[in-house]
Protein chains: 2
Amino acid sequence: MQAKKRVSIADIARQLNISVTTVSFILNGKAREMRISDALIKKVETLIQQTNYQPNALAKSFRTGKTNTIGLLIEDISNPFFAQIARQIEDNAYKRGYRIFYASTENSIEKAREMIQLFADRHVDGYIITAPAGIEAEIKTLIEMKRPVVLFDRYFKGLQTSYVGVDNYTGTYDAVIHLLENGSRNIAFVTTDSAQSQMKDRLAGYKKALQEYGATAYVKKIPFDGQEGKEVTRHITAYLHSKSKVDAVFFATNYLLLRGLEALAVLGKKVGEEMRVVSFDDHEFFALFNPAITAVAQPVPEIASQLINLLLQELEQPDIQEKQFIQLPATLHVRASSVKKTHNAHVNN
Amino acid sequence: MQAKKRVSIADIARQLNISVTTVSFILNGKAREMRISDALIKKVETLIQQTNYQPNALAKSFRTGKTNTIGLLIEDISNPFFAQIARQIEDNAYKRGYRIFYASTENSIEKAREMIQLFADRHVDGYIITAPAGIEAEIKTLIEMKRPVVLFDRYFKGLQTSYVGVDNYTGTYDAVIHLLENGSRNIAFVTTDSAQSQMKDRLAGYKKALQEYGATAYVKKIPFDGQEGKEVTRHITAYLHSKSKVDAVFFATNYLLLRGLEALAVLGKKVGEEMRVVSFDDHEFFALFNPAITAVAQPVPEIASQLINLLLQELEQPDIQEKQFIQLPATLHVRASSVKKTHNAHVNN
DNA sequence: CTGAAAGCGCTTACAG
DNA sequence: CTGAAAGCGCTTACAG
């Protein structure tokens, strides 16, 4: 298979008439520690250059049990939010000598379970996970086995883990307050029926804001199982049709916004005029919609860098047992869709 | 580190008073071939269940040189097109027992080179690569070393490789014909100055269509190096401002469309009325723009499945030397932005 | 300061 | 039909 036989530590040692031990020490920067003579170090380093010696990472991993690999388990890599996070994690990880195995769970507990098992088989050094509901037990096992794990996007109450995510509660609260301040009093909240923490926190933020204004809650939970897009649009259409007083909608995810806009088109409701709209999770394209869509933006770079920082910290200092729970602030990007009396401008950012 | 010591083949053999050879054969489905007795097979299988034996993938990979890992080198995982491809490749690969290492190149030749090296270090079994310009030599080396490689999105003339991509030439040709048929005669083509094949093919398709109608070419090549978005917008604005006869624009990528829409907004040109617009690469959100954007869609699932098929074929039949060059048809999704006399409808798909 | 050797967990050619 | 043993390329405790 190999074009040429790769040169090994043994080859180097043989050519120099020294032991593999010495070569290995030099390779691993333990030369000083082992008080190997400078002359010998030079000789070895020169030969390594000349022969283009490449350590066999497989042998090394096998021997040490460390693979310099991180298992990244996300809901769906083709979702722009997760794709961006993945991108940044990748960058950070590579810079620090780690590679990424990734897999999408599609929020399926079976798939997540299988992937965690696969990652374990491959001896990943640590895990970054967006956990589907119901996977607590497996996460718990990993932690009990002292595997470094950082959750993100959603967490489990009562499970002591490191976690990084946006402050869903406050982010939603602020957005709903914004709608209330703009005069809406009948604000619908369109969400999924998922029991995941991030969805619950968004709902809680919405309710809290309403409560402060004494406004009525209109909550529509869309069944979460693999619903077709059209089906979701139909659900939203029917709901908004039945609640004729509703004058604003907060969509708890990007995806629901998409369907919601379709629903509003079906109902002939003009976004921004007859119906104010806000979405959770911003998107580069939202500024180009007409009207431009107001959205709660997650701090993607911060989330990604905190994730990898926490994980590497756990990796490199396995003794420190303190789990960190990090919530980062969201930012409300106000655009035409949520502001009173807006007429369809062109681009509005 | 390990919570408990993992059970090994040797443990199994010892407990049953047989040799590791026998256990290994049974584990690898060579029991029949080696004519091991059914009774023994049963005994071994039972013990494997009981002890929850998990083969050490690291040891196996080290020994066999096979890692069941694919290196996926893409331009940018956070680009929706690539993210979708990655998603589908992941699905296919996992089903067939392979894991993915991925990395984004950002079209940097240095980064690509480094990543190929890293993948090689990790002994990936095969490569799927969106190649930045100038990386031919490295790709050639991989092929000479008999490493399975499949390129996608762009290829190199004169480099014999397996390749999967959309038919950029015809896809663009059809879209420009569509604009011509709708009455546009001064159609601009906004592209990058990249020398990559897919960009060249798109340009060629544009020119061919113009030629058939005897129309004038208006080609604007935006410098490709890490330009800020605002800078790109400015380039496009200036160009379109200077070419007042232009009544339609084909944007050679999604990203350029985005900037182009901003430019048109700056110029106060109404998309679909004063200026017809088409983009290469469709996006779920384009149907929700106002007006909805006409786009050339790539067949993402087909591209992904062909990619993984080709690669696994090369992996599993390393002797077959025939490289396959696969071009898949694009689909033009006609929406309001490119059709004559459209007034801003709501949703139009 | 440096070396000889064991061992990580597998696979497989060889032998009987 | 099954086993004893070598060897993949490393790291590292032990010895001197």
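- Under the 3.5 Å distance criterion, with hydrogens and angles disregarded, a donor-acceptor pair is assigned to the side chains of B:N107 and B:Q196.
- On the C1' atoms, D:dT11 is 16 Å away from C:dT2, given to the nearest whole Å.
- Taking only side-chain nitrogens and oxygens, A:S37 comes nearer than 4.0 Å to OP1 or OP2 of C:dT2.
- Checking the phosphate oxygens (OP1, OP2) of C:dC1, a side-chain nitrogen or oxygen of A:R35 falls inside 4.0 Å.
- With rounding to whole Å, B:I48 atom CD1 is found 16 Å from C:dG9 atom P.
- The number of heavy atoms from other shown groups lying within 6.0 Å of NZ (B:K66) is above 12.
- Listed pair A:T22 / C:dT2 fails the phosphate criterion, with no side-chain N or O lying under 4.0 Å from OP1 or OP2.
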What donor-acceptor contacts under 3.5 angstrom involve side-chain atoms of residues 21-31 of chain A, with partners at least two apart or in another chain?
{"residue": "A:T22", "atom": "OG1", "partner": "A:S19", "partner atom": "OG", "Å": "3.2"}
{"residue": "A:S24", "atom": "OG", "partner": "A:N28", "partner atom": "ND2", "Å": "3.4"}
{"residue": "A:N28", "atom": "OD1", "partner": "A:K60", "partner atom": "NZ", "Å": "3.3"}
{"residue": "A:N28", "atom": "ND2", "partner": "A:S24", "partner atom": "O", "Å": "2.8"}

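- Here B:T64 does not reach the OP1 or OP2 of C:dT11: none of its side-chain N or O atoms lies under 4.0 Å away.
- Aromatic ring centres of B:Y163 and B:F152: separated by at least 6.0 Å.
- The distance from atom CD1 of A:I26 to atom C1' of C:dT2 is 10 Å, rounded to the nearest whole Å.
- Phosphate proximity of C:dG9 to B:S8: absent, as no side-chain N or O sits under 4.0 Å from OP1 or OP2.
- Across all strands, B:K30 comes closer than 4.0 Å only to sugar-phosphate atoms, never to a base (heavy-atom distances).
- A straight line from CD1 of B:I36 to C1' of C:dT11 spans 13 Å, rounded to a whole angstrom.
- Residue B:K60 places at least one side-chain N or O under 4.0 Å from the OP1 or OP2 atom of C:dT11.
- In this entry the distance linking CZ of A:R63 with P of D:dT12 reads 6 Å, nearest Å.
- In this structure, A:F62 forms no aromatic stack with the base of D:dC10, since the conditions of centre separation below 5.5 Å and plane angle below 30° are not both met.
- In this structure, CD1 of B:I9 is placed 11 Å from P of C:dT12, rounded to the nearest angstrom.
- The separation between A:R14 atom CZ and D:dC10 atom P is 12 Å, rounded to whole Å.
- Of the charged side-chain nitrogens involved, none lies within less than 4.0 Å of a carboxylate oxygen, so that B:E314 and B:K146 do not count as a salt-bridged pair.
- Contact between the side-chain N/O atoms of A:N56 and the OP1/OP2 oxygens of D:dC8 is not found at any separation under 4.0 Å.
- Checked against salt bridge (charged side-chain N to carboxylate O under 4.0 Å, His left out), A:R122 has no partners two or more places apart in sequence or in another chain.
- Taking atom NZ on B:K43 and atom C1' on D:dC1, their separation rounds to 14 Å, with Å as the unit.
- Between A:A59 and B:I18, the residue anchored nearer the 5' end of DNA chain D, judged by the nucleotide with its closest heavy atom, is B:I18.
- With salt bridges taken as basic N to acidic carboxylate O contacts below 4.0 Å, none links A:D121 and B:R99.
- Whole-Å rounding puts the A:I12 CD1 to D:dG9 C1' distance at 13 Å.
- Nearest to the side chain of B:S19, among D:dG7, C:dC8, D:dA4, sits D:dA4.
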Checklist outcome for this item: Its dot-bracket string being built from Watson-Crick and G-U pairs below 3.5 Å, with | for another strand and [ ] for crossing, DNA chain D has the pattern |||.||||||||.|||
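- Residue contacts shown for B:N17 are limited to sugar-phosphate atoms, with no base heavy atom under 4.0 Å away.
- Residue A:L58 is classed as having no contact, given no heavy-atom separation below 4.0 Å to the nucleic acid.
- Ring-plane geometry between A:Y127 and A:F119 is classed as tilted, the angle between the planes lying from 30 to 60 degrees on a 0 to 90 degree scale.
- For the pair B:Y53 and C:dG9, the criterion of a side-chain N or O lying under 4.0 Å from OP1 or OP2 is not met.
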